[in-house]
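What follows is a short report on a single structure.
In each ligand, atom 1 is the first atom listed, and ligand 1 is the first ligand listed.
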Amino acid sequence: MSDLQHQFVKNILLRASHGANEQGRGFAPANIALCKYWGKRDQELNLPLNSSISISIGEKGTLTEISRRSSDQFFLNDQLIDDSNIFSKRLSLFLDLFRNHCRAPGFEVRTFNTIPTAAGLASSASGYAALVLALDDLSGWQLDRKKLSMLARLGSGSATRSLFSGFVVWYAGIAKDGMDSYAEQLEINWPEFKLGLIKIEHNAKPISSRIAMQKTVETSPRFNEWPKRAASDFNDIREAILEYNFDKVGQLSEENALEMHALMNEAIPSINYLLPETYSQMKKINDIRKNGLPVYFTIDAGPNIKLLFQKKHIDYVKDEFNSIEIINPFGD
Ligand code: PMV
């Protein structure tokens, strides 16, 4: 990791407390973006070009346990991960930022995902958020969630938002040192707001979101329109959430996701995560809506669909989408 990243971590930990536990533990939920983060203003500090908004998915996420060792060893759902694995390499690099601060040459990291395996959700967001919580517990730093969100950001951008439950905003900030780019929870309790995960069968991702994002920034001819568009979506979606305006949240979120995918499609060479089955499910959702039922969707860097709907329509949704996995972000 770079000097800049080491300095950033040092700044965050400057006034942290110090304790030392044998083991640290942390849990963080996965999150689904309604206003997407797409494009960085700083690669090293993982600073976004635009602010984003997500919804965390309750008790579905990652539980991580960490202890000091002489060298690194990582387990995923009790299975030892080979250190040549890309996941291990990324994790080791991230942990390099913390070895001195934690007085540990190596770490044993045990990660358990409670994200439904069939749901096709990315686990890096909840993974890095749970990891910084576990590091904080191990070293007794007692950092607040805002500071932890900034540390998680260095692992994966979307991890910034996984330190909180419910609706979460991540501010892009403007400061060069990245100290004003953090996440915060919106004080909203909206049990009517439901999500449904529609898994589309596919093999490995054609391209990682990290690379796809960069290629879009560099080659998509209309990308210069995105930061302004995303900033206005961010304000409008946040306002619609604060007004509990389901239709407005759904409509704007769907349009925001479609614009992100359109920009990717226009990149050179074109990037397309959507599969024929994704398109037919999108059409189906549109048709249902034309028939008067307010259901909307969002899609991240993959083919799977996340349906946005209201509790009062749950029976209809279950009937229409057979294998849908229902998520209750605010409980039943
Ligand atoms: O955190 P990353 O680098 O995996 O990027 C996440 C990108 C999207 O999931 C497509 C959008 C978002 O805001 O989560």
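Note: Phe167 and Phe193 meet the aromatic proximity criterion, with ring centroids under 6.0 Å apart. The ring of Tyr37 has its center closer than 6.0 angstrom to the ring center of Trp170.
Not one N or O of Ser124 is nearer than 3.5 Å to an N or O of ligand 1, by distance alone. In terms of polar-atom proximity, Ser156 is counted as a contact of ligand 1, with an N or O under 3.5 Å from an N or O of the ligand.
Under a 4.0 Å N-O distance rule, the pair Asp332/Lys311 does not qualify as a salt bridge.
Inter-residue side-chain proximity for Glu192 and Phe246 is flagged as unmet; no heavy-atom pair is nearer than 4.5 Å.
If you check which protein heavy atom lies closest to atom 12 (C) of ligand 1, you get Arg161 NH2, 3.3 Å. Closest to atom 4 (O) of ligand 1, if we only count protein heavy atoms, is Ser209 OG, 2.9 Å.
The ring pair (Phe, Tyr, Trp, His ring centres under 6.0 Å) check on Phe74 picks up nothing, with sequence neighbours excluded.
The closest approach between a heavy atom of Ala301 and any atom of ligand 1 is below 4.0 Å.
Within the listing of ligand 1, atoms 12 (C), 13 (O), 14 (O) sit less than 4.0 angstrom from a heavy atom of Ala33.
Contact annotation for Ser52 and ligand 1: no heavy atom of the residue comes within less than 4.0 Å of the ligand.
Remark: the backbone N or O of Ala301 is not paired with any side-chain donor or acceptor of Ser209 at under 3.5 angstrom.
Evaluated by nearest non-hydrogen atom to atom 10 (C) of ligand 1, the leading choice among Trp170, Trp38, Tyr128 is Trp38.
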